[in-house]
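These notes concern the structure reproduced below.
In what follows, every chain begins at residue 1, and chains take the letters A, B, ... in the order their sequences are listed.
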Amino acid sequence: MSGLNVFNTLTRTKEKFEPINAPHVGMYVCGPTVYSDVHIGNCRTFISFDMIYRYLTYLGYDVRYVRNITDVGHLENDSDEGEDKIAKKAKLENLEPMELVQKYTNGFHSVLEQFNTLKPSIEPTATGHLLEQIEYVQQIIENGFGYESNGSVYFDVENYAKEHNYGDVSGRKIDELQNNTRALTGQNEKKCPLDFVIWKRADPKHIMQWNSPWGKGFPGWHLECSVMSTKYLGEEFDIHGGGMDLKFPHHECELAQNTAHSGKVNSVKYWLHANMLTLNGEKMSKSTGQYFLPQQMFDGTTPLLEKAYSPMVVRFAMMQCHYSSTMDLSNDALSAAEKGLTRLTNAMLSIDKIAIGKTSFLDVKALRIQCEEAMNDDFNTPVLIAHLFDAVKQINSGIVQEQSLTEEDKGLLKKVFSDYVIDIMGIKIEADNSHSAELEDRLIQLAVDLRTNAKSNKDWSTSDLIREELTKLGIQIKDAKGGTEWSK
RNA sequence: GGUUGCGUGGCCGAGGGGCUUAGGCACAGGUCUGCAAAACCUGCUACGGCGGUUCGAUUCCGUCCGCAACCUCCA
């Protein structure tokens, strides 16, 4: 068995990954609605797809990775009273909507950068594609799957379902959906409760609105993803990703829009979904307050954790869990990941210490194959990590026993670790610079304390040595009455 | 209530009909070490309950219990 296999939500099976136009791969991932800070749960999805993007690239594919920014159209709920999230928050924070969008887009980028995610190839915004969205809606109406009602345009689910399946992504059946639809107020504009808005009429006081053939309004939430994926990846593309919670209604609606627009049934070949991050067994969610921000985790200011954890520790903890399984974030899990990551990186850095000889104590080629097989099995990073730890144990043991590797194997071993740990899992190995200033001060203080100790023992040669060496480094020592002071 | 998925050893977390000692963390004993740390060696424990299929089930089926997600905005 060889080659990448991915779990396709559409078929609920693992399928051999065969791009439509190899070596090109088109991947679209639903980005955030930038109306507030991203939380750690949001990050998991983007980190998961970052890993997927990295692995596809490693395999030699030329990936065009599109991840959108939703900056308009995301309604609070599906009723007619639903307010646009951006508009509502802009009012609340007393900001121009685009100012709000910029603020949270900046925050989003900053957090993802700390998690060492690669930037997407294209990061389009909904407001930057209004013309395309309007044209898209017109096409849907023309094709008979949309209708205008009181200045808004709705997607005609019933009509669509006559010709196509509706519910494939989320595994729902249209009859069940109809039976289970709650009676919401203000839905009299719709022909059927399942219909969803693709263009929404704006009240005169609404702060975000644009001219359209149906009057002033703004695009519906699901629309921008259909429009932008079509524009940048084509009417049929390889991978569509996002969080599990977007399966319904967002992805279902997106797929319906795609088909209604182009007439093509297979607009997305593989639907991939990242699972939720839970906190104390419950989903993290902005709307319920059950969450904390990444920064609070990095600096240890959330009461939900005992100490601070670096972005790389968090990222590694996520990699120890399969992207499609729910992951419960806990202090124990993070501290275990922290220690494990240290062990992994220490061993990786100590490969240099291994002697070169005529034979190898470690089957490096087999290791590489195991790693590749793990990743080929639907990006199974936990199994990948297990194989790497097996190698860690052998590396450490080999060093203790002074065993050797051939020059070729040693180079290959370094490459395997570098490929899988750094390039694919995206673990950045570097000193934690954020605490270096504090560390420096503490080290100086330590030297000063040692000198004070030597002085009290009348060990003048040691105390003078410390003072001289510190002076050479630009540190001034002053023996004051109350004790030794120093300055840089 | 409906739909989907999950329940693995002290904790996290893979796997998937009969040997995977999965892996990590923790724990216990040992080697090494002036002491410690690291590293190494050894040990440790599991598949929610009850039925069924099978020569054999943690793995398949049924059922019950528990949990989660979705059904309404969410990555």
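A/Tyr323 has its OH atom 17 Å from the P atom of B/G13, to the nearest Å.
In this entry B/U21 has no Watson-Crick or G-U wobble partner, no candidate having both defining distances under 3.5 Å. With a 3.5 Å ceiling on both atom-pair distances, B/C44 lacks any Watson-Crick or G-U wobble partner. Searching all strands for a Watson-Crick or G-U wobble partner of B/A37 with both distances below 3.5 Å returns nothing. With both pairing distances under 3.5 Å, B/G66 is matched to B/C6 as a Watson-Crick or G-U wobble pair.
Within 4.0 Å (heavy atoms only), A/His250 reaches no atom of the nucleic acid at all. Within the 4.0 angstrom heavy-atom criterion, only backbone atoms of the sugar-phosphate kind lie near A/Asn380; the bases stay farther away. At a threshold of 4.0 angstrom between heavy atoms, the contacts of A/Lys247 with the nucleic acid are absent. When heavy atoms are screened at a 4.0 angstrom cut-off, A/Arg67 is found touching no nucleic acid atom at all. Residue A/Gly41 is in base contact, counting any heavy-atom pair closer than 4.0 Å across all strands shown. Counting any heavy atom pair closer than 4.0 Å across all strands shown, A/Leu334 reaches no nucleic acid atom. At the heavy-atom level, A/Ser48 lies nowhere under 4.0 Å from the strands shown. When heavy atoms are screened at a 4.0 angstrom cut-off, A/Met244 is found touching no nucleic acid atom at all. As judged by a 4.0 angstrom heavy-atom cut-off over every strand, A/Ala386 is placed among the base-contacting residues. As judged by a 4.0 angstrom heavy-atom cut-off over every strand, A/Lys173 is placed among residues making no nucleic acid contact.
The backbone N or O of A/Leu118 lies less than 3.5 Å from a partner atom in the side chain of A/Asp50, making a donor-acceptor pair. In this structure, A/Gln370 contributes its side chain and A/Leu384 its backbone to no donor-acceptor pair below 3.5 Å.
Nucleotides B/A14 and B/C73 place their P atoms 30 Å apart, quoted to the nearest Å. For B/G30 and B/U53, the C1' atoms lie 48 Å apart once the distance is rounded to whole Å.
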